[in-house]
Chemist: 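Before I ask anything, let me first share the structure, which is written out below as structure tokens.
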Amino acid sequence: MREGRPVRVETRHSIQNTPTGTDCSPPTAVANVSQYACQRRTTTENHNKIFTDVMEELAESSEFNESKGPCLAFRQAASVLKSLPSAVHCLKAIQGLPCLGEHTKAVMEEILTFGRSFKVEEIRCDERYQALKLFTSVFGVGPKTAEKWYRRGLRSLQEILTEPNIQLNRMQRAGFLYYSDISKAVSKAEAKAVGCIIEETVHWIAPDAILALTGGFRRGKEYGHDVDFLLTMPEMGKEEGLLLHVIDRLKDQGILLYCDYQGSTFDVSKLPSCRFEDMDCFQKCFLILRLEQGQVEGERGLQRDPGDSRGWRAVRVDLVAPPVDRYAFALLGWTGSRVGLDQIIVK
DNA sequence: CGGCATACG
DNA sequence: CGTAT
DNA sequence: GCCG
């Protein structure tokens, strides 16, 4: 759902070509891939990492070169390959798949033949690519800022921090401050612990509030880069103000390290029906929370060398609060599958 | 050959 | 404008 | 770069 955007429902979205099973691949593997990411199978396992890593590097490189089109194309190619149920062993296996054109297939062929892409290896060696990749790995730093720093001759994060003439904005300050934590994967146990904190906070404010884990952890992933939740109230309109209230409470608890709140842009009267499925319009917030090690299952009580660890880590957390009548739909959008609400709601 | 998302600080 | 999802 |  993070990838390709709106979905206009057309007939061609359903299965078209059932490739005749010539050698290499199971035809079933290929038949069901939609050109739209949100209609694609979302798997926990990526069976084509050797290809998708390269596609994502090509996308990144394109982005650094301000080639928006190619960047999007490579991202979509990576997304399609990630959605496949098994590893691609020969090019025949990807016949008829969307977003995989001549260039992409040539790169894949190279990888199948030599186990590597020479074009990508060149990119990886490039000093500019390396620096921009490093800079953009900081939360709040995008291609433009990274480029600006690169042109000033800066090459390392240390140089950014010691350069006196650089003014970081609030997001970037948080990005540097919690850099190592935010770059680190969030474990399922940590996601659960965050879930408990959010749940306790939410239900202290409104005992009947409905909270659901979404995103990668909802789909059963073992690790993620953030933790996502949907939040609403059973009675229409009561969700108004809830999110800001939750944020206040997190502040009071002293665990809110960063907060970016975005009010709702959802307006029935102004909304064309085609944006029915646009979930970006609900009120939401992007947070960085302080998670105590003691709250994480499996870390409880075990205390290593004092001084070595500070006893907590920072975690990126997203909360989205749609009105209840949009809730089920939003959930569908975030999880990619229809499941009973009861098995999704936290606790 | 044009489009490729959009809200916010 | 730049970054985020 | 891919698609229509």
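Throughout, a chain's letter reflects where its sequence line sits, starting with A, and its residues are numbered from 1.
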Chemist: So, is Arg75(A) close to the dC2(D) phosphate, meaning a side-chain N or O under 4.0 Å from OP1 or OP2?
Modeler: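 For dC2(D), OP1/OP2 do not have a side-chain N/O of Arg75(A) under 4.0 Å.
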Chemist: If we count only N and O atoms by modelled type, under 3.5 Å, do the side chains of Gln293(A) and Ser309(A) hold a donor and an acceptor together?
Modeler: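 Side-chain D/A pair, Gln293(A) to Ser309(A): absent.
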Chemist: Separation of His225(A) atom NE2 from dA4(C) atom P, in whole Å?
Modeler: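 Result: 9 Å.
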Chemist: Please state whether the phosphate of dG1(D), meaning OP1 or OP2, lies under 4.0 angstrom from any side-chain nitrogen or oxygen of Ser62(A).
Modeler: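 For Ser62(A), the contact criterion (side-chain N or O under 4.0 Å from OP1 or OP2 of dG1(D)) is not met.
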Chemist: Please determine, for the side chain of Thr145(A), which listed nucleotide (dA4(C), dG1(D), dG2(C)) has the closest atom?
Modeler: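 Looking only at side-chain atoms, Thr145(A) lies closest to dG2(C).
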Chemist: Base, sugar-phosphate, or nothing: which does Gly140(A) touch, judged by heavy atoms less than 4.0 Å apart?
Modeler: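 Contact class for Gly140(A): sugar-phosphate only.
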Chemist: With heavy atoms under 4.0 Å as the rule, sort Lys144(A) into base, sugar-phosphate or nothing.
Modeler: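 Contact class for Lys144(A): sugar-phosphate only.
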Chemist: Taking NZ from Lys284(A) and C1' from dG9(B), how many angstroms apart are they, rounded to a whole number?
Modeler: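 Between C1' of dG9(B) and NZ of Lys284(A): 14 Å.
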Chemist: When the P atoms of dA5(B) and dC3(D) are considered, how many whole Å apart are they?
Modeler: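 Looking at atom P only, dA5(B) and dC3(D) are 16 Å apart.
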Chemist: Could you check how far CG of Asn169(A) sits from P of dG9(B), rounded to whole Å?
Modeler: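 From Asn169(A) CG to dG9(B) P: 12 Å.
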Chemist: Looking only at the aromatic ring of each residue, does the gap between the centers of Tyr258(A) and Phe139(A) stay below 6.0 angstrom?
Modeler: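 So the answer is yes for these two rings.
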Chemist: Select one nucleotide: of dG1(D), dT3(C), dT5(C), the one nearest the side-chain heavy atoms of Val141(A).
Modeler: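 Closest of the options to the side chain of Val141(A): dT3(C).
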Chemist: Nearest whole angstrom, please: distance from the C1' of dG2(C) to the CZ of Phe64(A).
Modeler: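 My rounded result for the distance is 14 Å.
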Chemist: Is a donor on one side and an acceptor on the other found under 3.5 Å between the side chain of Gln130(A) and the backbone of Arg124(A)?
Modeler: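 Here the side-chain-to-backbone pair exists.
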Chemist: Rounded off to whole Å, could you give me the CD-to-P distance for the Gln262(A) and dT5(C) pair?
Modeler: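 Answer to the nearest Å: 10 Å.
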Chemist: Tell me whether the OP1 or OP2 atom of dG1(D) has a side-chain N or O from Ser67(A) closer than 4.0 Å.
Modeler: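 The answer is no; no side-chain N or O of Ser67(A) sits under 4.0 Å from OP1 or OP2.
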Chemist: How many angstroms lie between CG in Leu319(A) and CD in Gln283(A), if you round to the nearest 0.5 Å?
Modeler: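 Reported value, rounded in 0.5 Å steps: 10.5 Å.
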Chemist: Rounded to the nearest angstrom, tell me the gap between atom CG in Asp260(A) and atom P in dA7(B).
Modeler: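 Taking atom P of dA7(B) as the reference, CG of Asp260(A) is at 15 Å.
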Chemist: Side chain of Met171(A): nearest nucleotide among dC4(B), dG2(C), dA4(C)?
Modeler: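 Closest nucleotide among those given: dA4(C).
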Chemist: Using atom CD of Glu147(A) as one end and atom P of dG2(C) as the other, report the distance to the nearest whole Å.
Modeler: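 That distance rounds to 11 Å.
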Chemist: Roughly, in whole Å, what's the span from CZ in Phe286(A) to P in dA4(C)?
Modeler: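 One finds 10 Å between P of dA4(C) and CZ of Phe286(A), rounded.
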Chemist: Where the side chain of Leu72(A) is concerned, which of dC4(B), dT5(C), dC2(D) is the nearest nucleotide?
Modeler: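 Closest of the options to the side chain of Leu72(A): dC4(B).
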Chemist: Choosing from dG1(D), dT5(C), dG2(C), which nucleotide comes nearest the side chain of Arg316(A)?
Modeler: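 Between dG1(D), dT5(C), dG2(C), the one nearest the side chain of Arg316(A) would be dT5(C).
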Chemist: Can a salt bridge be assigned to the pair Glu109(A) and Lys105(A) using a cut-off of 4.0 Å between side-chain N and carboxylate O?
Modeler: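 No.
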